[in-house]
Protein chains: 2
Amino acid sequence: MSFIDSVYTFAPETFADDYMAIFSKTCEYAMRAVFYVAQKSHEGQKVGIKEIAEQINSPEPFLAKILQKLSRERLIQSVKGPNGGFYFDAVSLNRPLADIVSAIDGNDIFTGCGLGLTYCSESNPCPLHDEFKKVRNQITHMLNNTTIGKFNMGLIKGKFTLNK
Amino acid sequence: MSFIDSVYTFAPETFADDYMAIFSKTCEYAMRAVFYVAQKSHEGQKVGIKEIAEQINSPEPFLAKILQKLSRERLIQSVKGPNGGFYFDAVSLNRPLADIVSAIDGNDIFTGCGLGLTYCSESNPCPLHDEFKKVRNQITHMLNNTTIGKFNMGLIKGKFTLNK
DNA sequence: TTAATAAAAGATATTTTTGTCTTTTATTGA
DNA sequence: TCAATAAAAGACAAAAATATCTTTTATTAA
Ligand code: FES
Ligand code: FES
């Protein structure tokens, strides 16, 4: 390939600098928002979408969609109009984070096969099955044992970050 | 909303029955393919893309792209022409599966923040940091301690599945 | 040295995820 | 009861991931 050619030839980046996280971006926004709203609820306040989006550094209209979904599923509370906003009642504050994750990302992270087989099963395991089960169990444990309100104190005391 | 209306009104499924896995589909295909080719290499054979795609149940042209990438990165060996195909040499068979994953999905799964913060850090942790670190470490351990050739015997003996 | 073979590369298409914009509905306080 | 407010809903747009098709290059064996 000549120099001139190379100037006009770009690698067909089918595999961009992709970076794959455990949770979808949607779910990451959801979790950050939930923790932020929980903290405010602990202080007895409701929060508007604009403030939430600013504080967790997420696109506002997109986050609105996410919270709408959580609201429809009664995982978060909201009221319209002046002094309205999002908040959590006492019951919701005690819900596990797992409820948020499964509402957004589904249950694959709790039950799915690491190699993408349709069903994860003991009788027909993929090679990674035994080790992957441990990973899945730890994720499940983490999400089941983290209530939505668990970090309220830490957040109020400034121990944790929710914005990049 | 009237009955007639409801007949023609469909919920705008912005959140389809999404299911989020730990690895991208691309990476799942890659891992399944790698294990399949490794097994064949152990038996001294090269395998064509068609056979691999059939055996691991993946779209053939898409898998071809994936293996091309791994080939460019010297993670898998290949030869063109008659009797050609993909295979692993002894060195590659001993590579950790982590090399495949990071080539395809990047390093976020090893180092990224569970809540999607730009950097995961001890000094500015997100609420999930402590627990998420454990998950990440277990994934890292799993992928570093699994060589590409680790399951050859199990696969030959039919203990494992690679197709759905 | 040629025909057949099989991977590599390139171009294109589809689907899903992520993100934006506009309109509607509910609530509140004046 | 009216104007202001804020979430809900709906329609639309952009980007990324997934998938397909065609052409090119390298290798082998006859
Ligand atoms: S079968 Fe793959 S993780 Fe269980
Ligand atoms: S800061 Fe979020 S996992 Fe470390």
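Please read these numbers as outputs of a predicted model, since none were measured by experiment.
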Could you tell me how far apart A:Glu60 (CD) and C:dT18 (P) are, to the nearest whole angstrom?
19 Å
Contact class for A:Ile49 (heavy atom, under 4.0 Å): base, sugar-phosphate, or nothing?
sugar-phosphate
Give a yes or no answer on whether the side chain of A:Thr140 reaches the backbone of A:Arg136 with a donor-acceptor pair at less than 3.5 Å.
yes
Can you find a donor-acceptor N/O pair under 3.5 angstrom joining the side chain of A:Lys25 to the base of C:dG19?
no
Any N or O donor-acceptor pair linking the side chain of B:Lys65 to the base of C:dA9 at under 3.5 Å?
yes
Treat each ILVMFWY residue as a node, draw an edge where side-chain heavy atoms are under 4.5 Å apart, and state whether A:Phe151 and A:Ile139 are in one component.
yes
Would you call the rings of A:Phe62 and A:Tyr29 parallel, tilted or perpendicular if under 30° counts as parallel and over 60° as perpendicular?
perpendicular
What is the nucleic acid contact for A:Pro61, judged by heavy atoms within less than 4.0 Å: base, sugar-phosphate only, or nothing?
base
Rounding to an integer number of Å, can you tell me how far B:Leu67 CG sits from C:dA6 C1'?
13 Å
Using modelled atom types only, decide if a donor and an acceptor are shared between the side chain of B:Lys46 and the backbone of B:Asn83 within a distance under 3.5 Å.
yes
Report the distance from atom CG of B:Leu63 to atom P of C:dA9, rounded to the nearest whole Å.
15 Å
Starting at CZ of B:Phe62 and ending at C1' of C:dA11, how long is that distance when rounded to a whole Å?
16 Å
May I ask you to verify if any side-chain N or O of A:Ser24 is less than 4.0 angstrom from the OP1 or OP2 atom of C:dT17?
no
Can you tell me the distance, in whole Å, between the CD atom of B:Glu28 and the C1' atom of D:dA17?
13 Å
Are the side chain of B:Thr111 and the backbone N or O of B:Asn107 linked by a donor-acceptor pair below 3.5 Å?
yes
Which residue, A:Pro82 or A:Ser78, contacts DNA chain D at a nucleotide closer to its 5' end, judged by nearest heavy atom?
A:Pro82
According to a strict under-4.0 Å criterion, is B:Asn83 in side-chain N/O contact with OP1 or OP2 of D:dA29?
yes
Of the candidates C:dT20, D:dT18, C:dA8, the side chain of B:Gln68 sits closest to C:dA8
Using atom NZ of B:Lys46 as one end and atom P of C:dT5 as the other, report the distance to the nearest whole Å.
16 Å
Atom pair distance, as rounded to whole Å: CZ in B:Phe86 and P in D:dT27:
14 Å
Below the 4.0 Å mark, does C:dT18 have OP1 or OP2 next to a side-chain nitrogen or oxygen of A:Tyr29?
no
Side chain of B:Pro59 - closest among C:dG19, C:dT25, D:dA19:
D:dA19
Please report the distance, rounded to the nearest Å, between CD1 in B:Ile52 and C1' in C:dA6.
11 Å
OP1, OP2 of C:dA7 versus side-chain N and O of B:Ser71: anything below 4.0 Å?
no
